[in-house]
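Worksheet: one structure, shown below.
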Amino acid sequence: MRVKTYWLFGISGAGKTTIAQAWVQQWKSLGEPVVLLDEEALKIGLNSDLNAAAILKEEPTRRIAELAKLLNQRGITVIVSAITPLNAQRQLASQIVGPKLYTPIWIDSPVQICQRRDPKGLYVKALSNRLKFFPGVNAPFENPDTSLIKVSTDQFSVSQCVELIFKSIK
Ligand code: ADP
């Protein structure tokens, strides 16, 4: 399959990391070079100088997209897991990676279900105002164009979601 950047976006707890990790394992088992860029992991290094408010700015998206572009140029498929709450950020990612290589995938689940899942304990903090700039609670998350690939994680299992994505990009 052609080398691309698959940009998984959606609110916290929707399932981006879970799906991305399962998908990466599948790519690897096929012997395909693939790298996962997860914004949570990147906060420790590459993006450690950015504060919480940066989630609504261009900079984190720009950095991840530039890295994805370099990896694509070297023949490596990239799977990004990042909330990317604003349409302008998604457009920026498309411009940097290149519209032919950039493939956005909306990982979606109702916010009430994400709050119940709360795998990282972030909703508890955001709902009690201990965490600001949290898309879906006290910061915006703009729903994208519905013509995108969309995966509803409240309706399908992890493996079904990976399968759905696989079929959609073929
Ligand atoms: P995000 O990266 O979007 O913040 P995570 O992947 O960290 O979300 O957490 C999603 C949570 O939802 C996990 O606890 C996961 O086990 C659970 N979950 C339930 N169903 C699904 C599904 N179909 N796809 C992805 N995650 C799911």
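Atoms within a ligand are numbered from 1 in the order they appear, just like the ligands themselves.
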Under 3.5 Å, is there a donor-acceptor pair between the R117 and T153 side chains? yes
Excluding sequence neighbours, so at least two apart, what forms ring pair (Phe, Tyr, Trp, His ring centres under 6.0 Å) with F133? none
Are T77 and W27 linked by a side-chain donor-acceptor pair shorter than 3.5 Å? no
What pairs with D49 under side chain to side chain donor-acceptor pair (under 3.5 Å), at least two apart in sequence or on another chain? R63
With a 4.0 Å heavy-atom cut-off, what residues sit around ligand 1? I11, S12, G13, A14, G15, K16, T17, T18, I19, R117, P119, K120, T153, F156, S157, V158, C161
Could you work out, with side chain to side chain donor-acceptor pair (under 3.5 Å) as the rule, every residue matching S128, not counting sequence neighbours? R130
Which heavy atom of V3 sits nearest a heavy atom of I76, and at what distance? CG1-O, 3.4 Å
